[in-house]
Amino acid sequence: MLDAKLFRGELDSLAKELGRRGYELDTEAVVALETRRRDLQTKTQELQNQRNTRSKEIGAAKAKGEDIEPLLAEVNDMGEDLKRCEQDLAEIQSNLQTIGLSVPNLLDASVPDGKSEDDNVEVKKWGEPKAFDFEPLDHVALTESGALDFEAGSLLTGSRFTVMRNEVARLHRALSQYMLNLHTSQHGYTEMNVPYIVNANSLTGTSQLPKFEEDLFALKGDSNYYLIPTSEVPLTNLVRDKIIDKTDLPIRLTAHTPCFRSEAGSYGKDTRGMIRQHQFEKVELVHVVHPDTSWDALEELAGNAQTVLQNLELPYRMVTLCSGDTGFAAAKTYDIEVWLPGQQMYREISSCSNCTDFQARRMKARFRNDEGKTELVHTLNGSGLAVGRTLVAVLENYQQEDGSVNVPTVLQDFMQTDTILKK
RNA sequence: GGAGAGUUGGCAGAGUGGUCGAAUGCGGCGGUCUUGAAAACCGUUGACGGGUUAAACCGUCCGGGGGUUCGAAUCCCUCACUCUCCGCCA
C-alpha cells in the first residue's frame with residue numbers, strides 16, 4: 001500500500017509513475033472520493049465534538065446534583081445526524097481503502113522500462129554453460145526409470161504434481177538441507193518453522209490478497225484459511241502489527257516450506273516435467289530492515305541466493321525485471337536464472353525483491369527511530385532457492401553420457417555417493 | 001468436544017456507566033550526582049487520522065465486529081484468540 005498522502009497531492013505525477021507498470025490509476029474517482037472524504041470527516045468530527053462536549057456537561061451537572069432534564073432535551077436530536085455522517089464516512093473510507101489495496105508499489109528509478117520478460121536487463125552472468133560431447137537430455141528423459149514419476153503424481157492428485165523416488169527424493173532433501181545450513185551458518189539467517197496455512201490478514205499484509213486470490217488454494221469452510229504460496233507470507237507477517245526495537249534490526253529469517261500455487265492463467269505453460277508445479281518446496285530468505293539499508297540488503301540477499309548456485313557450480317545469470325514484469329509489491333526485483341541444458345535456456349530459480357515500505361504499511365510493521373517516532377520498516381524477500389527447480393538444474397547439468405548423474409561435491413557427504421541413477 | 005477464567009499503552013498490570021486515553025511498576029528519553037559508568041533521585045514518555053511553517057487545537061482507538069445510552073475500557077450480543085480443568089489424540 002502506498003502512503004495515502006500521495007493520493008491527495010500530485011495525482012497526475014503519481015498516475016504517470018504507476019503507468020510505467022501499465023497500471024492505470026483512476027484519478028477522477030480518487031479526487032471525487034477524497035473531496036467527499038474531507039468534507040464528511042470535518043463534519044463528522046464537528047458533530048462528535050459537540051456530542052462529547054454536551055455529554056461532559058451533563059456528567060458535570062449530574063455530579064453537582066443539578067437537574068439534567070433540560071440538557072437532555074437539548075441533545076436529543078443530535079444522534080441521527082451524527083450516525084448518518086459516520087456511516088457515510090465509513091463507506092467512503094472503505095472505498096478509498098479498496099483502491100489503496102489495489103495500487104501496486106512505486107518502482108525504483110533504476111528499474112528499466114519495458115512491457116514483458118523480454119525487456120528484462122541482464123546484469124550478471126556466472127559460469128559458462130557446459131559443452132556436452134553428447135546430446136544432453138532434459139530431467140524428464142533422465143528420470144524415465146521412475147525416479148521422477150509424473151504418472152504417479154497425476155494418479156494421486158492431478159496434473160502438475162510429481163512423485164520423487166529413491167535417490168532423487170534423497171537428492172531433493174539434500175538440496176534443501178544444504179541451503180538451510182548454508183544460510184544459517186554462513187549468512188546470518190535465523191531458521192524458522194512456520195505454518196503452511198495462513199489467514200486472510202497475513203495474505204493481505206504481503207499483498208497476495210485481495211487482488212490475487214485466484215492464484216491461491218483456499219481451504220473449505222468459513223475459516224478464511226489459505227495454503228501458503230510462499231513462506232514469504234508467514235515469515236514477513238511475523239512483524240505484522242509490531243513496533244520493533246531498532247536494535248533488533250535487521251531481522252533475517254529463513255524457512256524451508258512447501259508452496260502451493262493454483263497456477264491459474266498458466267494453462268499449457270511448462271507442462272513437461274517439474275518446472276511448474278502446484279506444490280513445490282522452497283527455502284525462502286526474508287529481511288526486515290531499517291529503510292536506509294534496504295537497497296544494500298537487496299544486493300546481499302541476491303548474493304546469498306547466488307552463493308548456493310556457485311557452491312553447486314551451476315551456471316546462472318541475473319536480470320533486473322523491467323517495469324512491466326516487476327511484481328505488485330516490489331520496488332525492484334532481481335531474477336536469478338539457472339542454465340538448463342535440457343531446455344538450452346536460463347530459467348528462473350530465485351526472485352529477490354525489495355518491497356520498501358509497501359508491505360510494511362499494509363502490515364503496520366514499524367520500528368522506533370532515533371527521535372522516538374514510529375517509522376515503517378522495509379521488507380525484502382527472495383528464494384534461496386526453489387528446491388524443485390534446483391533439483392532439475394542439478395540433474396540436467398551433472399548428467400553423464402550413460403544417463404547417470406554426478407552428485408555436486410558439496411552434497412556428496414549427505415548423499416553418501418558421488419553418482420546416482422547408475423544403470 | 002465439555003466446563004470455567006481471561007484479552008487494557010513497548011512490556012507487566014489497575015480500572016465495572018460521567019473531566020479515563022486510562023493509576024502504578026518496568027523499559028525508553030532528558031537531567032542531577034560522578035573522571036566515566038552503575039546505583040539513587042528529579043522530570044518526561046501511547047498509536048493513528050485531521051490541522052499547523054511549527055505548535056495550539058479537533059477526532060478515533062482499551063482483542064475484532066455490532067448494539068444499548070446524552071455519555072461505554074466498564075452493560076448486552078457475536079466472533080477470534082489465550083489460559084486452567086475434563087475428555088480424546090500423534
Side-chain angles (χ1 to χ4, degrees), chain A residues 1-9 30-31 33-101 193-205 209-210 218-219 221-226 234 237-249 251 288 290 357 359-377:
Chain A
M1 201 156 57
L2 301 177
D3 190 339
K5 288 193 179 73
L6 290 174
F7 293 96
R8 292 167 204 164
V30 173
V31 169
L33 281 169
E34 269 300 333
T35 309
R36 277 204 71 199
R37 191 217 97 236
R38 198 178 296 250
D39 291 349
L40 265 173
Q41 185 160 345
T42 313
K43 193 174 171 198
T44 305
Q45 292 188 355
E46 256 167 41
L47 288 172
Q48 285 171 331
N49 186 9
Q50 282 178 33
R51 179 203 59 197
N52 292 345
T53 312
R54 299 294 178 82
S55 294
K56 278 182 186 166
E57 284 169 10
I58 294 172
K62 208 177 173 186
K64 283 189 231 158
E66 292 170 7
D67 181 19
I68 60 168
E69 280 307 319
L71 289 169
L72 281 180
E74 211 178 320
V75 91
N76 237 348
D77 53 341
M78 275 186 57
E80 290 303 309
D81 228 14
L82 177 58
K83 194 170 237 174
R84 200 175 52 246
C85 276
E86 283 178 337
Q87 280 170 356
D88 289 351
L89 180 62
E91 195 187 321
I92 298 267
Q93 277 172 332
S94 149
N95 289 344
L96 280 167
Q97 177 79 355
T98 304
I99 293 176
L101 287 174
N193 190 296
V194 292
Y196 306 155
I197 296 172
V198 293
N199 59 34
N201 280 346
S202 293
L203 287 156
T204 305
L209 287 180
L219 267 57
D222 39 36
S223 59
N224 251 335
Y225 286 174
Y226 297 81
N237 273 279
L238 285 168
V239 297
R240 173 154 54 87
D241 294 321
K242 297 279 187 293
I243 296 178
I244 301 157
D245 193 320
K246 68 172 180 287
T247 58
D248 290 334
L249 296 177
I251 297 171
V288 177
H290 189 286
D357 61 8
Q359 295 180 321
R361 188 171 290 108
R362 288 171 164 244
M363 292 191 298
K364 294 184 180 65
R366 296 159 293 172
F367 71 102
R368 216 170 275 286
N369 65 21
D370 293 330
E371 287 87 57
K373 293 285 179 201
T374 58
E375 197 177 334
L376 295 169
V377 296

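Note on naming: letters A, B, ... go to the chains in the order of the sequence lines (proteins, then strands), and numbering restarts at 1 for each one.
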Nucleotides 45-48 of chain B: which of its N/O atoms have a protein N/O under 3.5 Å away?
{"residue": "B/A47", "atom": "OP1", "partner": "A/Arg368", "partner atom": "NH1", "Å": "3.4"}
{"residue": "B/A47", "atom": "O3'", "partner": "A/Arg366", "partner atom": "NH1", "Å": "3.1"}
{"residue": "B/A47", "atom": "O2'", "partner": "A/Arg366", "partner atom": "NH1", "Å": "3.3"}
{"residue": "B/C48", "atom": "OP1", "partner": "A/Thr374", "partner atom": "OG1", "Å": "2.4"}

Identify all pairs in which a protein N or O lies below 3.5 Å from an N or O of nucleotides 76-79 of chain B, and state each distance.
none

Which protein N or O atoms sit under 3.5 Å from an N or O of nucleotides 18-23 of chain B?
{"residue": "B/G18", "atom": "O6", "partner": "A/Lys62", "partner atom": "NZ", "Å": "3.1"}
{"residue": "B/G18", "atom": "N2", "partner": "A/Ser55", "partner atom": "O", "Å": "2.8"}

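Nearest approach of A/Val239 to A/Met363, heavy atoms of both residues: CG2-CE, 4.0 Å. Contact record, A/Pro195 with A/Pro234: O-CG, 3.8 Å, taken as the closest heavy-atom pair. Pairing each heavy atom of A/Tyr225 with each of A/Ile197, the nearest pair is CB-CG2, 3.6 Å. Nearest heavy atoms, A/Ser202 versus A/Asn237: O-ND2, 2.7 Å. A/Asn369 approaches A/Glu375 most closely through the heavy-atom pair ND2-OE1, 3.1 Å. Across all their heavy atoms, A/Leu40 and A/Thr44 have their closest contact at O-OG1, 2.6 Å.
The CD atom of A/Glu57 sits 14 Å away from the P atom of B/G71 (whole-angstrom rounding). Between the CG atom of A/Leu47 and the C1' atom of B/G71 there is a distance of 16 Å, given to the nearest Å. Straight-line distance from the CG atom of A/Asn199 to the P atom of B/G64: 16 Å, rounded to whole Å. The separation between A/Asn224 atom CG and B/G65 atom C1' is 14 Å, rounded to whole Å. A straight line from NZ of A/Lys242 to C1' of B/C11 spans 13 Å, rounded to a whole angstrom. Put simply, NZ on A/Lys83 is 11 Å from P on B/C70, counting in whole angstrom units.
Within a heavy-atom distance below 4.0 Å of RNA chain B, no residue of residues 93-101 of chain A is found.
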Given protein heavy atoms under 4.0 Å, the one-letter contact record of nucleotides 56-63 of chain B, with B base, S sugar-phosphate only and - none, is simply --BSS---
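Rounded to the nearest Å, the gap between the C1' atom of B/G17 and that of B/C62 is 15 Å. Across the C1' atoms, B/U7 and B/G65 are found 16 Å apart, a figure rounded to whole Å. Atom name P, nucleotides B/A73 and B/U60: the rounded distance is 10 Å, in whole Å. Annotation: B/G1 and B/U8 have their P atoms spaced 25 Å apart (nearest Å). Comparing the P positions of B/U78 and B/G15 gives a spacing of 26 Å, expressed to the nearest Å. Taking the C1' atom of each, B/G4 and B/C20 are spaced 30 Å apart, rounded to whole Å. B/A55 and B/C33 have their P atoms separated by 32 Å, with the value rounded to a whole Å. Using atom P as the reference point in both B/A3 and B/G13, the two lie 28 Å apart (nearest Å).
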Side chain to side chain contact (heavy atoms under 4.5 Å, CB included), that's the test. Do A/Glu34 and A/Leu96 meet it? Break it down for me.
CA-CA 8 Å; A/Glu34 269 300 333; A/Leu96 280 167; 3.8 Å; yes
Checking side chain to side chain contact (heavy atoms under 4.5 Å, CB included) for the pair A/Leu238/A/Ile251: CA distance, chi angles, key distance, verdict?
CA-CA 11 Å; A/Leu238 285 168; A/Ile251 297 171; over 6 Å; no
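Residues that satisfy the salt bridge (Lys or Arg N to Asp or Glu O under 4.0 Å) test with A/Lys56, not counting sequence neighbours, are absent from this structure. Partners of A/Asp245 by side chain to side chain donor-acceptor pair (under 3.5 Å), not counting sequence neighbours, listed by chain and number: A/Thr247. For the salt bridge (Lys or Arg N to Asp or Glu O under 4.0 Å) test, no residue two or more places apart in sequence or in another chain qualifies with A/Arg240. Every residue two or more places apart in sequence or in another chain that forms a side chain to side chain contact (heavy atoms under 4.5 Å, CB included) with A/Ser55 is listed here: A/Arg51. A/Arg54 is linked by a salt bridge (Lys or Arg N to Asp or Glu O under 4.0 Å) to A/Glu74, counting only residues two or more places apart in sequence or in another chain.
A 4.5 Å side-chain heavy-atom check between A/Leu2 and A/Phe7 finds at least one atom pair inside the cut-off.
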Can you give each donor-acceptor pair under 3.5 Å made by side-chain atoms of residues 82-95 of chain A, sequence neighbours left out, with the distance rounded to 0.1 Å?
{"residue": "A/Arg84", "atom": "NH2", "partner": "A/Asp81", "partner atom": "OD1", "Å": "2.9"}
{"residue": "A/Glu86", "atom": "OE2", "partner": "A/Gln48", "partner atom": "NE2", "Å": "2.9"}

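Separating the NZ atom in A/Lys246 from the CG atom in A/Leu249 is a distance of 9.5 Å, to the nearest 0.5 Å. For the atom pair CD1 of A/Ile243 and CZ of A/Arg368, the computed distance is 5.0 Å after rounding to the nearest 0.5 Å. From A/Thr204, atom OG1 reaches atom CG of A/Asn199 across 8.5 Å, with rounding to the nearest 0.5 Å.
RNA chain B forms stems at B:1-7 with B:80-86, B:10-12 with B:24-26, B:27-32 with B:40-45, B:46-50 with B:57-61, B:63-67 with B:75-79, each a run of 3 or more consecutive Watson-Crick or G-U wobble pairs whose two key distances fall under 3.5 Å.
With hydrogens and angles disregarded, no donor-acceptor distance shorter than 3.5 Å links the side chain of A/Asp357 to the backbone of A/Leu376.
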